[in-house]
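Predicted, not measured: the structure shown is a model, and the values here were computed from it. Here, residue 1 is the first one in the sequence, and each next residue gets the next number. Atom set for the values below is all heavy atoms of this structure, side chains included, hydrogens, waters and symmetry mates excluded.
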Amino acid sequence: MSAPTMTAEAAPMSKRKTLEALSGLLLVLFVAMLSSTVVSTALPKIIGALNGSQTQYTWVVTATLLTATATTPIWGKLADLFNKKLLIQIAIVVFLVGSVAAGFAQSAGQLIAARAFQGIGVGGLQALVQVAIAAMIPPRERGRYNGYLGGVMALATVGGPLLGGLIVDTSWLGWRWCFFVGVPVAAVALFLLQITLNLPTVRRDNVKIDYLGATLIAAGVSVLLIWISFVDDSFAWLSWQTGAMVGGAVLLLALAVWVEARAAEPVVPLHIVRERTTALAILGSLAVGMAMFGGAVFLGQYFQIGRGYSPTEAGLLTIPMMAGVLISSIVAGRMITATGKIKPYIVVGAVMLVIGFAMLGTIDHETSLVFVGLAMFIVGVGVGMTMQNLVLAVQNTVALKDIGAASASVAFFRSLGGTIGVSVLGAVLARRVTDRITHDLAAAGIPTSGGGGSTLNLDALPEPVRQIVRAAYGDATGHIFLISAAIAVVGIVAALLLRPVTLRSSLDLPDTGRSVAVGADAVDGAPAFDEVSVDSAGREERTRR
């Protein structure tokens, strides 16, 4: 395989050009996040209008996460081989087509299919935005810009539920506009990226795309996640269906590892995944994804069905979590840029995540909203200090030519954790809610219906049954948050095992034992250095000017 050549030497962009390019990238990130958050408070009404079930409720979220997870490493590897700007624009177009199809869905099944297609674009956006930023900004300075990422994340996560609630509460709009609303925003993002994003193009001769490895990874992950979604509902844990699906998934993933070890351009380079920092960041991201996505996706349902609030009110009630994300990501990002240290903030964030979910694990349908808000704020602080910084820790350890695959690997496992979390916790919630409703209906002398109708369409239920359903959802939600807290403990272990490092100030990783010149400008008051050398263990040694 020929060595890569670049049209321009890798060098940090000026602050003005960086901010101009970031405007389009952050808007892209906002659109991708908005696609998930805008439906979080609207989903109960959407599924109710389509006469869907709790299983379909979960799958509207899971379908997007599943396809995003399966395609993320493929997008990341393509970014190491082809034009990053063009790939981002293609991902936006795929996302737009999926959004429009979701808006025109006539049944829960059609909505799930459209969301699955939309997830292919989301997988590209969540990987490629990180890759593009890594190609523009050195790791040391990236901590400061992570504050902007956290701000966009908070805005999308706060504004999304509010916007979704307002849309479904406004009669002349209707729930379909929850999917249409992102179309003009994405169009603006396409225009901004066209005029502001200019990255050095990596050109390689004899490029070989690992189609077989990509297919095996996507198929193995999809089969595993489909099994997680249906086990204990459609079939038992110990059944021939479980054996076939789990065995098939393990076989496909084992073949994928074998192919990746021999491929000229592997989708997931094993030498990167085996590196200590990357492996621990992947483990931490898996736990954070399971806890964060798996727990937070059910908050809107808790407030609406369990507590009886409108979609708009449910969106307002999630503000404490987003405030925690915004504040912690900005503060931690600034401090990381000033000190160059990252491990302490990841450790503290992982601890806060466990504390917040443990507090949410105690809630029921009558818990004080002040207590719920405090717990959500703590969870938000944990998310803001861990999610982006785990990616940054990995990006600091790899060369610029591998930044796409490395960033996508972390995003892949975070999405995988989120998909597993949503599927497992959704199944647990559905089972506990069903058992509780059946028990309480029998205790109240109300005959249970064998029609399998949706318990999410509360307007169609008599008042006594409606109160039983609300109590069941409100009380069962605390149980899944407790499971999230237990899962998040793994993130603490991974964070504690991370090697303490100082973030490098160069875009690319210097060759081992070779000294490279570093810009003389200090970063936010941090001292400047003439040289950075890297020893055999990958540690930087800096010589002060």
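Going from atom CG of L497 over to atom CD1 of I492 covers 12.0 Å, rounded to the nearest 0.5 Å. Atom CE of residue M385 and atom CE of residue M335 lie 8.0 Å apart, to the nearest 0.5 angstrom. Within the model, atoms CG of L390 and CD1 of I342 stand 7.5 Å from one another, a figure rounded to the nearest 0.5 Å. Rounded to the nearest 0.5 angstrom, I483 CD1 and L429 CG are separated by 9.5 Å. From M359, atom CE reaches atom CZ of F377 across 11.5 Å, with rounding to the nearest 0.5 Å. If you take CD1 on I319 and CG on L326, they are separated by 11.5 Å, rounding to the nearest 0.5 Å.
Contact record, L125 with A32: CD1-CB, 3.9 Å, taken as the closest heavy-atom pair. Taking all atoms of both residues into account, the shortest heavy-atom contact from V94 to G121 is CG1-N, 3.6 Å. For T277 against R499, the heavy-atom pair with the smallest separation is OG1-NH1, 4.3 Å. Residues A393 and I346 come closest through the heavy atom pair CB-CD1, 4.4 Å. When all heavy atoms of G213 and E260 are compared, the closest pair comes out as CA-OE2, 3.5 Å. Scanning all heavy atoms of the two residues, the minimum distance from G220 to A249 falls at O-CB, 3.7 Å.
In this structure, the side-chain hydrogen bond (donor to acceptor under 3.5 Å, both in side chains) partners of T367, at least two apart in sequence or on a different chain, are D364. Taking the side-chain hydrogen bond (donor to acceptor under 3.5 Å, both in side chains) definition, one finds that Y302 meets it with R307, sequence neighbours left out. With sequence neighbours excluded, the residues that form a side-chain hydrogen bond (donor to acceptor under 3.5 Å, both in side chains) with T242 are W227, S239. Evaluation of the side chain to side chain contact (heavy atoms under 4.5 Å, CB included) rule for L283 yields V490, A494 as partners, not counting sequence neighbours. Among residues two or more places apart in sequence or in another chain, the side-chain hydrogen bond (donor to acceptor under 3.5 Å, both in side chains) test is passed with T64 by R115. Every side chain to side chain contact (heavy atoms under 4.5 Å, CB included) that M352 has, sequence neighbours left out, goes to V348, I378, V381.
Side-chain atoms of K343 come within 3.5 Å of backbone N or O of L498 as a donor-acceptor pair. Side-chain atoms of T67 never come within 3.5 Å of backbone atoms of F117 as a donor-acceptor pair (strictly under, hydrogens ignored). Without hydrogens or angle criteria, W75 side chain to I120 main chain gives a donor-acceptor distance under 3.5 Å. Distance alone, capped at 3.5 Å, places no donor-acceptor pair between the T362 side chain and the A358 backbone.
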Residues F357, V489; criterion side-chain contact (heavy atoms from CB on, under 4.5 Å); working and verdict: CA-CA 10 Å; F357 276 124; V489 171; over 6 Å; no
Step-by-step side-chain contact (heavy atoms from CB on, under 4.5 Å) determination, L128 to K84: CA-CA 7 Å; L128 297 172; K84 298 176 179 63; 5.7 Å; no
W258/L216 under side-chain contact (heavy atoms from CB on, under 4.5 Å): CA gap, chis, key distance, verdict: CA-CA 10 Å; W258 185 82; L216 289 171; over 6 Å; no
side-chain contact (heavy atoms from CB on, under 4.5 Å) evaluation trace for V379 with L353: CA-CA 5 Å; V379 169; L353 204 58; 3.9 Å; yes
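Looking only at side-chain heavy atoms (C-beta outward), I92 and L193 come within less than 4.5 Å of each other. Side-chain contact between F303 and T477 is absent, with no heavy atoms from C-beta onward closer than 4.5 Å. L255 places none of its side-chain heavy atoms less than 4.5 Å from the side chain of L212. Within the 4.5 Å cutoff, no side-chain heavy atoms of L29 are placed close to those of L25.
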